[in-house]
Amino acid sequence: MPDLLLQLALLLVLGGLVALFVAAPLVRRPPATVADDRETLELRHRVAIEALRDVEADRRAGSLDDATYADQRAEAEVRAAQTLAELDTAGAATEELHAVGRGWRPAAIAGGLLAVVLVGGFLVPPPIGLANQTIDTRQRAIDSALDRLRANPRDAQAFSDLANAYTAGDTYADMQRGAAALIGLIALEPENESAYQRLISTYIRVQDWKDASAATDSYAKLAPDSPDVPFFRGLIARGQGDGAEANRQFQAFIDAAPDDPRVPMVRALLDGS
């Protein structure tokens with residue numbers, strides 16, 4: 001139950017951020033023209049993020065009961081989302097002063113996803129299971145990537161490393177946070193085919209067929225001739241119980257990439273269908 005509540009909290013934060021960014025274009029604020037204003041907003045956001053860390057530290061130290069922890073965490077999450085929205089709005093206004101027509105949405109999306117990843121990393125306890133790395137090694141990798149993202153929210157390699165560390169785990173929450181990091185990477189590098197492939201694989205791994213299908217459709221727009229598109233669609237169809245569609249997609253994969261090392265596995269799936 002605690003793990004489920006933490007997952008729900010993470011989804012609520014994501015939903016709140018999405019709502020903020022959808023509504024933001026409808027609410028125009030005066031342009032931020034003074035450097036001190038930007039620095040003040042950045043400081044407020046850093047303080048909000050540190051507050052999230054403090055709540056989690058107090059929880060791990062045993063100084064907060066469940067109810068107090070939940071209340072303080074919710075309050076800190078809301079504050080972090082608010083300061084992030086203010087920071088992105090100010091950044092967008094400043095950008096408009098330098099280049100007419102250059103949108104701020106990509107930065108806002110990356111910032112929002114960063115907030116989700118930060119919240120997930122700070123508020124959810126380290127995973128219990130062991131994968132290819134020990135818990136301590138994985139947690140150090142996660143902390144390192146988060147530190148780099150706090151210093152530079154557009155550090156694509158940090159998003160990639162964070163995704164690697166999370167998806168090396170073996171829980172649904174690990175995969176969820178890894179997927180969030182990969183979405184952040186795609187927001188920064190929308191033509192990164194490897195990021196799409198990793199994201200789709202992560203969704204398939206937890207049998208999240210709906211999101212896996214949506215991610216595959218987006219990937220198909222980027223790389224329509226990639227044999228990975230029918231490969232992933234075959235796996236998704238098979239997971240959803242649609243054997244005819246799975247066979248059709250798998251055959252399309254074999255036709256497109258007959259020398260691919262995955263072909264023997266796909267043929268075995270076809271023979272067993």
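Crowding of Arg238 atom CZ: a count of heavy atoms from other residues, nucleotides or ligands under 6.0 Å not exceeding 12.
Closest approach of Ile254 and Leu270 over heavy atoms only: CD1-CD1, 3.6 Å. Of all heavy-atom pairs between Tyr203 and Ala179, the closest is CE2-CB, 3.9 Å. For the pair Pro258 and Asp255, the tightest heavy-atom approach, listed with the atom from each and the gap, is CD-O, 3.8 Å. In plain terms, the two heavy atoms of Ala246 and Ala237 that are nearest each other are N-CB, 3.6 Å. Shortest non-hydrogen contact noted between Ser201 and Phe232 is OG-CE2, 3.6 Å. Scanning both residues, Leu199 and Ala215, for their nearest heavy atoms gives CD2-CB, 4.1 Å.
The CD1 atom of Ile236 sits 12.0 Å away from atom CD of Gln207, with the distance rounded to the nearest 0.5 Å. Here the straight-line distance linking atom OH of Tyr166 with atom OG1 of Thr202 works out to 13.5 Å at 0.5 Å rounding. The structure places CG of Asp161 at 11.5 Å from CD1 of Ile142, a figure rounded to the nearest 0.5 Å. Atoms CG and CZ, on Leu162 and Arg177 in that order, are 9.5 Å from each other to the nearest 0.5 Å. Atoms OH and OG1, on Tyr196 and Thr216 in that order, are 11.0 Å from each other to the nearest 0.5 Å. The distance from atom OG1 of Thr167 to atom CD of Gln176, rounded to the nearest 0.5 Å, is 13.5 Å.
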Under the side chain to side chain donor-acceptor pair (under 3.5 Å) criterion, do Tyr219 and Ser226 qualify, and how do the steps go? CA-CA 9 Å; Tyr219 177 47; Ser226 172; 3.0 Å; yes

Would you please test Arg148 and Asp143 for salt bridge (Lys or Arg N to Asp or Glu O under 4.0 Å) and show each step? CA-CA 9 Å; Arg148 288 151 56 198; Asp143 291 342; over 6 Å; no

Kindly indicate, with the supporting measurements, whether the criterion side chain to side chain contact (heavy atoms under 4.5 Å, CB included) is fulfilled by Leu235 and Arg233. CA-CA 5 Å; Leu235 292 177; Arg233 284 177 172 164; over 6 Å; no

Dump the intermediate steps for side chain to side chain contact (heavy atoms under 4.5 Å, CB included) on Ser213 and Asp217, then the final yes or no. CA-CA 6 Å; Ser213 182; Asp217 290 344; 4.2 Å; yes

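Cation-pi contact between Arg262 and Phe231: present, with separation from the ring centre below 6.0 Å and deviation from the ring axis of at most 45°.
Using a 4.5 Å cut-off on side-chain heavy atoms (C-beta onward), Phe253 and Val263 make contact.
Counted by atom type alone, Asn247 and Gln251 present zero donor-acceptor pairs between their side chains at under 3.5 Å.
With sequence neighbours excluded, the residues satisfying side chain to side chain contact (heavy atoms under 4.5 Å, CB included) with Arg198 are Ser160, Ala163, Asn164, Leu182, Leu185, Ser194.
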